[in-house]
There are 2 protein chains.
Amino acid sequence: MTEQSRPPAGSRAAASPLSRSRVVRAAIALADAEGLEAVSMRRLAAELCVVPMALYKHVASKGDLVTAMIDAIVSDYPTPAEGSEWTAAIRARVLGARAALLEHPWLRTAIEGATERTPAVLGHMNALVGDLVAGGCSYDLAHHAMHALGHRIWGFSPEAFASSGAAATSPAPDPQLLAQIARAFPHIAGVAAEQQRRHPAGCDERFEFEFTLDLLLESFARLRDSGWQSS
Amino acid sequence: MTEQSRPPAGSRAAASPLSRSRVVRAAIALADAEGLEAVSMRRLAAELCVVPMALYKHVASKGDLVTAMIDAIVSDYPTPAEGSEWTAAIRARVLGARAALLEHPWLRTAIEGATERTPAVLGHMNALVGDLVAGGCSYDLAHHAMHALGHRIWGFSPEAFASSGAAATSPAPDPQLLAQIARAFPHIAGVAAEQQRRHPAGCDERFEFEFTLDLLLESFARLRDSGWQSS
DNA sequence: CTTGACGGGTGTACAGCGTACACCTAGAGT
DNA sequence: ACTCTAGGTGTACGCTGTACACCCGTCAAG
């Protein structure tokens, strides 16, 4: 939709001369619009008015492309204000990552499947460890803390319980079947009922995210104060 | 390898008459042996000495197949001993899941990509919530606790930091490049050095897993004791 | 005993994927 | 003027999931 025929006028093909960053930006736009599975080399090429193989002059492979997509977004994660309290700094970074993830829903899948650690990715991790040690955590504790945070540092909690409370989105709920499920899984039903009572609007993912994040940050602080070490 | 030519003798084709469970078991075996990406309908069919489309008489689609694969394994997660302490019960379930995951490395990817919640899956979640409320947690707290545990209830922590400390597996470490990385990311280098000093054998994933698990379980106990609620 | 339904394996076909390889062409450097 | 090369093109291969028509053996009802 955007970015078309900038040069002279007519010729239906390649507007600007194509470049790695243009390819990556187009891929991100396409993924934003239609999901990561819509990003095929052929489709992306079409979007750029170019033949599929042309892309390979700018990215080494599809894997390289998605790595570059991740990198592009991670590169401008926000940086917390200078002199923030360490837990506040971590919160800011993690919630910044989360904000990016909400903008680019495909990012989660991409990160889960990624294998390469680009400089931007390493930089993010480095900064988080930096926050931890600035807060008085040992490198030892910081290491385990990073593991504990897990994918949360990329802004998402693994949604083990996803759409279990809110499973009844579009398809017909069918009260009879629902009752049967409730009988078979009474505790899940209990959770759903209590959730329904307290938060009829449904499960607030942001709340869940911060709940666990803060649980972990408090635990880290406690371990730090008690001089915990792993050996 | 197993299960061949049970009827009369010779004919090189379909030994037993094929069935959903035989298909699923073969798929699991194939995934165990060569990874989930090796499980294509064509390949699996070949493994069963059958034409690809024959499988569709027993599974609705590839997605249905992998769901069934997950279900088959989750179905025989171990059950903790009757009367266990609640945190011990949860630990047992979660570590049982983890054991299954180590046996079937593809399971992680499969679960991450799964969308259907089968009865076995719901049963596992139901049992965990049951443990929490048996331990005196409210349904409210249990709900958030399940979110906090996240994929850990399936036996894996999201490995955000994976192979960062142990990145130097097969490829040449190249000390010059390594030094440059260390300069660019001093905190990561710090973690790596400290880890190297304390645990030269490398990062013990099981330790990391239990570290976070116990952190969370302690936090839940504390919240329970303080009468925490979410409203 | 015949007949008709039907469960389950077969064969062909299609659209889509990533990408290897050979080719061509426009512009820059000597 | 001549070559070199970066970058876009075209064709082709092997792979994927699966729709659709077919066909055959078993078994129940007439």
Side-chain angles (χ1 to χ4, degrees), chain A residues 3-8 10-27 30-31 34-70 106 109-110 113-116, chain B residues 3-8 10-27 30-31 34-70 106 109-110 113-116:
Chain A
E3 191 143 355
Q4 252 173 336
S5 57
R6 196 133 42 83
S11 83
R12 82 223 180 300
S16 11
L18 205 52
S19 71
R20 182 172 173 97
S21 101
R22 224 167 81 80
V23 168
V24 172
R25 274 183 292 125
L30 181 53
E34 307 189 31
L36 191 56
E37 75 285 354
V39 181
S40 73
M41 299 306 267
R42 286 172 157 88
R43 176 68 200 282
L44 180 57
E47 217 72 25
L48 289 161
C49 301
V50 120
V51 89
M53 288 310 292
L55 303 177
Y56 286 88
K57 293 282 150 78
H58 303 278
V59 299
S61 66
K62 172 128 193 228
D64 182 37
L65 173 64
V66 308
T67 303
M69 291 168 70
I70 296 173
W106 51 270
T109 318
T115 151
E116 299 273 332
Chain B
E3 191 144 353
Q4 250 174 335
S5 57
R6 194 133 41 84
S11 82
R12 80 221 182 304
S16 9
L18 206 54
S19 71
R20 183 172 171 95
S21 101
R22 225 168 80 79
V23 168
V24 172
R25 274 182 294 124
L30 181 53
E34 307 189 32
L36 191 56
E37 75 285 353
V39 181
S40 74
M41 297 308 266
R42 285 172 158 88
R43 176 67 200 282
L44 180 57
E47 216 72 26
L48 289 161
C49 301
V50 120
V51 89
M53 287 311 291
L55 302 178
Y56 285 88
K57 293 284 150 85
H58 303 278
V59 299
S61 65
K62 171 127 194 228
D64 181 38
L65 174 64
V66 307
T67 304
M69 291 167 70
I70 297 172
W106 50 270
T109 318
T115 151
E116 299 272 332

task: May I ask you to verify if any side-chain N or O of A:His58 is less than 4.0 angstrom from the OP1 or OP2 atom of D:dA6?
output: no
task: With sequence neighbours excluded, give me every salt bridge (charged side-chain N to carboxylate O under 4.0 Å, His left out) pair touching residues 34-44 of chain A.
output: A:Glu34-A:Arg43, A:Arg43-A:Glu47
task: To the nearest 0.5 angstrom, please state how far the NZ atom of A:Lys62 sits from the OG atom of A:Ser40.
output: 6.5 Å
field: B:Tyr56, nearest nucleotide to its side chain (from D:dT18, C:dG18, C:dT10)
entry: D:dT18
field: Gap separating the CD1 atom of A:Ile70 from the CH2 atom of A:Trp106, nearest 0.5 angstrom
entry: 7.0 Å
message: I'd like to check the side-chain hydrogen bond (donor to acceptor under 3.5 Å, both in side chains) partners of A:Arg20; sequence neighbours left out, ordered by chain and number.
response: A:Asp64
Would you tabulate the pairs of protein nitrogen or oxygen atoms and nucleotide nitrogen or oxygen atoms of nucleotides 11-16 of chain D closer than 3.5 angstrom?
residue, atom, partner, partner atom, Å
D:dT16, OP1, B:Ser40, OG, 2.8

- line: Separation of C:dA20 atom P from A:Lys57 atom NZ, nearest Å, is 12 Å
- prompt: Rounded to the Å, how far apart are A:Leu55 CG and C:dA20 C1'?
  reply: 15 Å
message: Could you report the tightest heavy-atom contact between B:Ala54 and B:Leu18, atom names first, then the distance?
response: CB-CD2, 4.4 Å
message: Contact between B:Leu55 and B:Leu65 at the side-chain level, heavy atoms closer than 4.5 Å - yes or no?
response: no
